[in-house]
There are 2 protein chains.
Amino acid sequence: MPRPPTMADLAAHVGVSRQLVSLVLRDAPGASDETRRRVREAARELGFSPHVAARSLRRARSKDLGVIFAPAHSTEPEIVEAIYPAAAERGYDVMLSAQTATRSTDQAVEELLGHRCAALIVIGSDLKHTGLRAVAERSLVPVVDVGYGRRNQFYDVVRSSGDRGIEELVDYLAELGHRQITYVDPASMPPGPLRRRGYERAVKRLELAGDIVSMPGDYTEGNYFEEVGAAAARTLLERRELPTAVVAPNDHAAVGLLHTLIRNGVRIPDDVSVAGFDDALIARLSSVDLTSVRQDPGLMGVSAVEAAVRRVEGQEMRPRETVVETSLVVRSSTAAPRKRG
Amino acid sequence: MPRPPTMADLAAHVGVSRQLVSLVLRDAPGASDETRRRVREAARELGFSPHVAARSLRRARSKDLGVIFAPAHSTEPEIVEAIYPAAAERGYDVMLSAQTATRSTDQAVEELLGHRCAALIVIGSDLKHTGLRAVAERSLVPVVDVGYGRRNQFYDVVRSSGDRGIEELVDYLAELGHRQITYVDPASMPPGPLRRRGYERAVKRLELAGDIVSMPGDYTEGNYFEEVGAAAARTLLERRELPTAVVAPNDHAAVGLLHTLIRNGVRIPDDVSVAGFDDALIARLSSVDLTSVRQDPGLMGVSAVEAAVRRVEGQEMRPRETVVETSLVVRSSTAAPRKRG
DNA sequence: TTGTAGGCGTTATCAG
DNA sequence: CTGATAACGCCTACAA
């Protein structure tokens, strides 16, 4: 039964000491170029790979960033993708742990703490503030929440400027000439309150008559948001007059709304402009082509790594809040309002 | 600077020996119930978590399954989700490693080998057979490919029965009364040849006049498949007569085709039935509602774990091929053909 | 450059 | 149940 080669095997093969092999493999000074060459070649030849458990056991401080993510969610993969190069640039490895239907955030945390990660980055967790606070207090390492949290003294927060994103969207609609802009507010959507504030600010500043359609319901169900949008559309259709524009803080809700309106003879964007939030995959489908607000997952990943490293290396011990800007993506579901009779 | 508690700390706190703490924490026999209780309580109180590096360094054989996946791809998250409980059931932990635009499969392999995983599960890799073979030969541990590979002697293969899935789809269309069923064949789609064989088998068996529209092009681009579908639709529209049904081995291609046909005045499914493959998110949108073939990602994950464990535990040394059945999902994009003039 | 010695936290074995 | 002892593979310090 073949055993993976160790540094000792390598050293014996080359005819040098174990220590020297160690030096070479971690690029430390103290070995001649010729020796380096021979050691590296032998490593390749024997298929050597350093035993990271042994290494991390010996090393005082770990160079691993633990990342907890939910594979099922949509924007998170892009954040995870961005974390790898950002971490590598700063000399850190990444250790992933999935949070799934059958695997709680706590289990994921437990695993990563067992690996003695230097910091924990939690992406899009369903944990509320108290849960995250408990994680941060339980683990001796810094915790970074990527999602919808607010600044606090227990863990770092990286989030999108959802409020400003919605505000910019309303501004854009107002510039097109819209004065009746309805906002659909799905209850129990974690980033909901923030985005709603953006709408309220814009409406106040522009001196519009705000109109918020609040939709109750539970966040857990699969097609929940499309249903929310469809229900909101039915509510609007019962009125004497439709608004000229509708904003939903979620693309799936916007699509549910859009399709329900179309099915009832409303033309988009001629009769009503519709816009969403997230720039999700469905927003980009040619049959949907929805104006939306795009979050920047790459920048969120990089910001999370920066926050983690900052605190690991002790430059700044107090947790911070990092806000990542969003950007408006205009598509064909929005246009200037028609003059009405 | 606080250090995470060790078993020694725990032992001192409870007033027992280290060994006993170790026994208790890994549920080994040899400790009284009362001692177990006290040790566990102390572990919780001190926030102890076992140092997995130390453990895996000491243990002869590792109990980790290394999983390589591409976060950006769509069906993989579901496979990953299924792997966790399947592995846990068999006493294994899961170690994830992402393959991204900036991180090759080889890098991911290197990381997992460094952790001395017991086996490697590679999901949807862009590696061809030779690449996977190289991985399998380089690593001393069993390798399982989840994707589109074929049976071979170097690594296990877990794949969907894409051929039978398409065959079943064509059978269903034929039963509806369709005799002119066109197949769109996107070039350079890895599972393409397999699915095409299914079409060819069905056509031969049913004695239909087969009609394959081959679309050249590169697999790498983002909206490639929608474009393929749109181009295929244009090709069909140039003919004197449309087929009564079109099958695309990919939902995005089917959607591109469907929308292009609709935009040219073709009614779906009245004039033409359209079906895809994958049961992707877009197939389920109410505006699309596409008949499709669903792969079973959960079963693929479980099968991958089974294959890995089977070989790790030496019950079966020769790599096998596991074929996971697909299932037909009928929606409103397909119906019986109209009688034509 | 090499060798020697020790230790990281855990598991394992053995005698008491 | 305890205590003693060793080992896993690697890193670090120090002396040769």
Side-chain angles (χ1 to χ4, degrees), chain A residues 1-39 42-43 46-64 91 93 111 113-118 140, chain B residues 1-40 42-43 46-64 91 93 113-118 140:
Chain A
M1 45 203 63
R3 183 182 49 80
T6 69
M7 286 194 182
D9 298 332
L10 259 191
H13 189 261
V14 179
V16 297
S17 65
R18 281 192 292 279
Q19 302 74 327
L20 199 51
V21 171
S22 173
L23 284 186
V24 171
L25 293 183
R26 61 194 144 96
D27 284 321
S32 69
D33 287 353
E34 172 59 13
T35 310
R36 280 183 201 283
R37 202 191 51 72
R38 287 173 54 213
V39 168
L46 298 188
F48 171 83
S49 68
H51 195 313
V52 302
R55 168 176 296 175
S56 83
L57 182 57
R58 185 60 183 85
R59 279 206 221 277
R61 63 202 192 292
S62 144
K63 282 294 201 176
D64 283 328
D93 285 330
E111 181 198 344
L113 290 182
H115 281 285
R116 298 294 185 269
C117 289
L140 299 169
Chain B
M1 45 201 63
R3 183 182 48 80
T6 69
M7 286 195 182
D9 298 332
L10 259 190
H13 189 262
V14 179
V16 298
S17 65
R18 280 193 295 280
Q19 300 78 322
L20 197 52
V21 171
S22 173
L23 283 186
V24 170
L25 293 183
R26 61 195 144 95
D27 283 321
S32 68
D33 287 353
E34 171 60 12
T35 310
R36 279 182 201 284
R37 203 191 50 72
R38 287 174 54 214
V39 169
R40 284 188 211 289
L46 299 188
F48 171 84
S49 68
H51 195 313
V52 303
R55 167 175 297 176
S56 82
L57 181 57
R58 184 59 184 88
R59 278 207 218 276
R61 62 202 191 294
S62 146
K63 282 294 200 176
D64 283 327
D93 285 329
L113 290 182
H115 281 285
R116 297 296 184 268
C117 289
L140 298 169

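Values below: all heavy atoms of this structure, side chains included; hydrogens, waters and symmetry mates excluded. All figures in this text were calculated on a predicted structure; none of them were measured in a lab. Chain naming here is simple, since letters A, B, ... match the order of the sequence lines and numbering starts at 1 in each.
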Arg36(A) atom CZ, neighbour heavy-atom count above 12 within 6.0 Å: yes
Short side-chain donor-acceptor distance under 3.5 Å, Ser22(B) and Arg26(B): yes
Polar side-chain contact Arg55(B)-dT10(C) base: donor and acceptor under 3.5 Å: no
Polar pair under 3.5 Å, donor/acceptor by atom type, side chain Arg58(B), base dC8(D): no
Phosphate contact (dT11(C) OP1 or OP2) by Ser22(B) side-chain N/O below 4.0 Å: yes
For [X] and [N], give me the distance from atom [atom1] to atom [atom2], rounded to whole Å.
| X | N | atom1 | atom2 | result |
| --- | --- | --- | --- | --- |
| Arg116(A) | dG9(C) | CZ | C1' | 9 Å |
| Met7(A) | dC11(D) | CE | P | 4 Å |
| Gln19(A) | dC14(D) | CD | C1' | 12 Å |
| His115(B) | dG9(D) | NE2 | P | 16 Å |
| Leu23(B) | dT11(C) | CG | C1' | 10 Å |
| Arg18(B) | dG3(D) | CZ | P | 10 Å |
| Leu25(B) | dT11(C) | CG | P | 8 Å |
| Leu57(B) | dC11(D) | CG | P | 12 Å |

Leu10(B) vs Leu25(B), side chain to side chain contact (heavy atoms under 4.5 Å, CB included): CA-CA, chis, key distance, verdict: CA-CA 11 Å; Leu10(B) 259 190; Leu25(B) 293 183; 4.1 Å; yes
Of His51(B) and Arg26(B), the one whose closest DNA chain C nucleotide lies more 5':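 It is His51(B) whose nearest nucleotide is closer to the 5' end.
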Sugar-phosphate only, base, or nothing, as touched by Val16(B) at under 4.0 Å among non-hydrogen atoms: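 Sugar-phosphate, no base atom in range.
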Lys/Arg-Asp/Glu bridge criterion (N-O < 4.0 Å) met for Arg40(B), Asp33(B):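 Here Arg40(B) does not pair with Asp33(B) in a salt bridge, since their nearest N and O are not under 4.0 Å apart.
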Selected nucleotide, minimal atom distance to Ser17(B) side chain, candidates dT10(C), dT2(D), dC11(D):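 For the Ser17(B) side chain, the nearest candidate turns out to be dT2(D).
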Minimum-distance pair of heavy atoms, taken over all atoms of His51(A) and Ser56(B): CE1-OG, 4.3 Å
